[in-house]
Undergrad: 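Structure incoming, see below.
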Amino acid sequence: MIAEVLLPIPVNQSFDYRLPESQTAVVGQRVLVALGTGKANNTPRQITGIIVAIKETSPYPDASLKPILALLDSFAIVDRAWLDFIQFTARYYAAPLAKLLINALPKHIRSDSPLTLPKLRYYQLTESGISAHKTEILPTRATKQRALLRFLHDQDKIPINEALVREQGFTAHDITTAVDKGYATYTLTSPYHSEENVCSPDYQLTGEQQALLDAITTAPDNKTHLIYGVTGSGKTEIYLQLIEKAINTGQQVLLLIPEISLTPQMLARFHERFGNRVAALHSGLGDKVRADIWLAAMNGDLPILIGTRSAIFTPFQRLGLIIVDEEHDLSYKQQEGIPYHARDLARYRAHQHNIPIVLGSATPSLESLYQVKKGHYQLHQLVTRATQATQPTIHLIDRRGDKQASHAGSSANLPIAEILLQKIRQTLQRQEQALVFLNRRGFSPVMMCRHCDWKSECPTCDAYQTAHTRARQLHCHLCGYICPLPTQCPQCGQRDLIFVGHGTEKLETQLQAQFPHHHVLRLDRDKQTTTNQLHAALEQIHNGDAHLIVGTQLIVKGHHFPNVTTVCVVDSDQALFSSDFRAEERLLQQLTQVAGRAGRESQQSHVYIQTTLPTHPVFAALQQQDYLTYANNLLAEREKYELPPHHAITIVKASALDAAPLMQFLRDVKALIDDNSQALTTLGPAPSPIERLKNRFQAQLFISAPSRMALQRELPLIEKAITHLDKSRRFRAVIDVDAMEN
DNA sequence: AGCACGCCGACT
DNA sequence: GTCGGCGTGCTC
Ligand SMILES: [Zn+2]
Ligand SMILES: [Zn+2]
């Protein structure tokens, strides 16, 4: 027999190997194979691959086929449905299959070390163990064995988990001895198996929630549902009940959430309800645990998996429901490597398994609203806050006129209007919390010399290095280049350097000076570098230790702070001047989410937005709390200009040391596409918004198609054009299918 | 990805 | 003359 093996090398094909007669193998099993001649080391290199097909014959001559060196495990680590999913993904994003394999498989599974299914041992006494205990046949010096037999005998619930036995001070050796002597025996059970009932709370669903739940559960299986629910409207309870229904019929559930929402509190809520039936894939997990979760999901042992973007690649034996929370969130789109979108892939997987998929958001993406409009998604609304918290009032602070002052460079200058400072002061005096949102890390985005024209330009990028005074460094936020913070001008030597503009670090310092008796907490990726630090900071906000919070994006997502009654948005105008056609959608989502952070039942909360464009319609929409209407207006605008989601776009992004050959390359790609495709429209090429990055010129070619399907049909043409025109890969061209950022 | 092969400039 | 640079192509 011949096994067709997929190898983790970036080639768009699989390899045939001879399967020894004695071996029986199945699709999805891991194998060790040799590849190449390996003349240098005298041995060909050995790699771990996955069997994708087993067949009688191979198109390759028998003599050229190498044997499979070893079957690494006795079971398959993926199934056919998974392989089909990976194949679809590779095609859709024009990526080599094996590159996806590398992306999708946990490291430990890609290695050649043998895997074992994660099982816990549950112990109980054998007949001979029971009589040995009762007749006290064991010598008195065998104290540990006697104690162990007594302990196992006295349990009301048997068999008993190994961990509980170990807790009593029995070592692994004590236990194996009892097993070896025939006194005890064990059964293997999944660590995610539970005999306990799901712990439903005596929580009364609102009429709206109940109606929504009924609508989803009675809908046909292959439906996509979009829940539009304002913060606090009880989306999570809906998810929990849907999950419970699914696992009660023996199905598995995948819940995708943004990285930032995966907090201990969130997990605690799931564990409280579902006990050990839940596993979470988060960044802190080790390779071994990831592999265990993978295998448990694959063989059907794991009922519920909560995970971030990459969890979409987990194989399931009986997947019955997919939920994508905060479906608008940008973190679902991978930016580097294969630019896949987990929400879009989730839709494919649901379709593939013929199961329902539920998307939820307080600010649905235009992509999803478009699908609603086309009748592909069913829209459900949760308009009343289940917790009775009142909607915040939104105020605009007109910053026309005093904008110059904050740009003058004096660090004494606060980027916050005097009236806002008063509001913050009053809030703190009332023992309530205030939150200041500024989406810029660091102390100041630029450093300048007042004597000459020196600015803190990154030596390798078209960008300024941000000053981080705490760390005494200049950081380039694009390429990561770091150098010490200069104390005198690197160009003229004068000690007259100033910090221009505001970042969270500067704002923190200034606000601490304004409110010396209150605890000012900064929340950003510089201050909280690890997830644990972030969770600790969030806890400080929840328990009231922090009074005034200054933060970036990090505070926008997912968390509700009931005691925050005042929210200030320092600067929202950047988005309105952006060249990205999605900037306005983003701004509306971001501001709606920021507003959703605040408030509780008894207290009226306020959101203050500083802007130099107070008449912009996005603010009126925000004040009327009318996300859907405004989003639909944006959607109409996108249609008019033939932009996504009405049209599909893909961007060919390339870079090189010199601009001229790079632009020529992209012009050649454009010409090839224009000559060979009716459906595709090209625009550009043009230098990227950041023209130079790490000393390489960046340029891009926009390609638009009337639909995603049309784009898919023509994608091989784009691929061919690139591989043909850039054989040496010196332009590092990548195709960003359904690009989200430009 | 790795590795071999091959074709040119430059260095004992 | 050969050493090594990398551009090109192959691996079942
Ligand atoms: Zn100077
Ligand atoms: Zn840089």
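In this text the structure is predicted, and so the values were computed from the model without any measurement. Naming: A, B, ... by sequence-line order, numbering from 1 per chain.
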Undergrad: Quick one: label A:E4 by what it contacts on the DNA or RNA (base, sugar-phosphate, nothing), any heavy atom closer than 4.0 Å.
TA: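 The residue A:E4 makes no contact with any strand.
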
Undergrad: Name the nucleic acid region contacted by A:Y17, choosing base, sugar-phosphate or nothing; use a 4.0 angstrom heavy-atom cut-off, strictly under.
TA: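 A:Y17: backbone/sugar contact only, no base atoms under 4.0 Å.
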
Undergrad: Please report the distance, rounded to the nearest Å, between CG in A:L7 and P in B:dC3.
TA: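 Between P of B:dC3 and CG of A:L7: 15 Å.
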
Undergrad: Indicate yes or no for a side-chain donor-acceptor contact from A:K333 to the backbone of A:P339 under 3.5 Å, with no hydrogens or angles considered.
TA: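 Here the side-chain-to-backbone pair exists.
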
Undergrad: Can you pull the contact range of chain A along DNA chain C, 5' to 3', using atoms under 4.0 angstrom from its heavy atoms?
TA: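 The footprint of chain A covers C:dT8 to C:dC12.
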
Undergrad: Just verifying a value: how many Å separate A:C461 SG and A:R696 CZ, rounded to the nearest 0.5 Å?
TA: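 Answer for the SG-CZ pair, A:C461 versus A:R696, is 12.5 Å.
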
Undergrad: Classify the nucleic acid contact of A:L65 as base, sugar-phosphate or nothing, counting any heavy atom under 4.0 Å across all strands shown.
TA: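 Since only primed, P, OP1 and OP2 atoms lie under 4.0 Å of A:L65, the category is sugar-phosphate.
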
Undergrad: Apply the test ring pair (Phe, Tyr, Trp, His ring centres under 6.0 Å) to residues A:F316 and A:F85: give CA-CA distance (whole Å), side-chain angles for both, the deciding distance (0.1 Å), then the verdict.
TA: CA-CA 12 Å; A:F316 289 92; A:F85 171 59; over 10 Å; no

Undergrad: Is there a donor-acceptor pair closer than 3.5 Å between any side-chain N or O of A:K66 and the backbone N or O of A:G36?
TA: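 Yes; at least one donor-acceptor contact below 3.5 Å.
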
Undergrad: Identify which one of A:E585, A:R343, A:Q371 satisfies the side-chain hydrogen bond (donor to acceptor under 3.5 Å, both in side chains) criterion when paired with A:S365.
TA: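 Answer to the side-chain hydrogen bond (donor to acceptor under 3.5 Å, both in side chains) test with A:S365 among A:E585, A:R343, A:Q371: A:R343.
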
Undergrad: With side chain to side chain contact (heavy atoms under 4.5 Å, CB included) as the test, pick out the partner of A:Y17 among A:V31, A:L69, A:L65, A:I68.
TA: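 Of the listed residues A:V31, A:L69, A:L65, A:I68, the side chain to side chain contact (heavy atoms under 4.5 Å, CB included) partner of A:Y17 is A:I68.
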
Undergrad: How is A:V33 classified with respect to the nucleic acid when contacts are heavy atoms under 4.0 Å: base, sugar-phosphate, or nothing?
TA: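 Answer is nothing: A:V33 stays at 4.0 Å or more from every strand.
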
Undergrad: Just verifying a value: how many Å separate A:Y192 OH and A:I293 CD1, rounded to the nearest 0.5 Å?
TA: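 Going from the OH atom of A:Y192 to the CD1 atom of A:I293 covers 4.5 Å.
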
Undergrad: Measure CG/A:L101 against C1'/B:dA1 and give the value in whole Å, please.
TA: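 These atoms are roughly 13 Å apart.
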
Undergrad: Could you check how far CD of A:Q46 sits from C1' of B:dG2, rounded to whole Å?
TA: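 Rounded to the whole Å, the gap is 15 Å.
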
Undergrad: What nucleic acid atoms does A:A34 come within less than 4.0 Å of, heavy atoms only: base, sugar-phosphate, or nothing?
TA: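 Sugar-phosphate, backbone atoms only, no base.
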
Undergrad: From CZ of A:R45 over to P of B:dG2, roughly how many Å is that when rounded to an integer?
TA: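 For the pair A:R45 CZ and B:dG2 P, the rounded distance is 6 Å.
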
Undergrad: Tabulated below should be each protein N or O lying under 3.5 Å from an N or O of nucleotides 4-8 of chain B; please produce it.
TA:
unit_1 : atom_1 : unit_2 : atom_2 : d
B:dA4  : OP1    : A:K39  : N      : 2.9
B:dA4  : OP1    : A:A40  : N      : 2.6
B:dC5  : OP1    : A:K39  : NZ     : 3.1

Undergrad: Looking only at side chains, do A:S261 and A:E326 share a donor and an acceptor under 3.5 Å apart?
TA: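 Distance-only check fails for A:S261 and A:E326.
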
Undergrad: Between A:D344 and A:R708 (salt bridge meaning N to carboxylate O under 4.0 Å), is one present in this structure?
TA: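 Yes, charged N to carboxylate O under 4.0 Å.
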
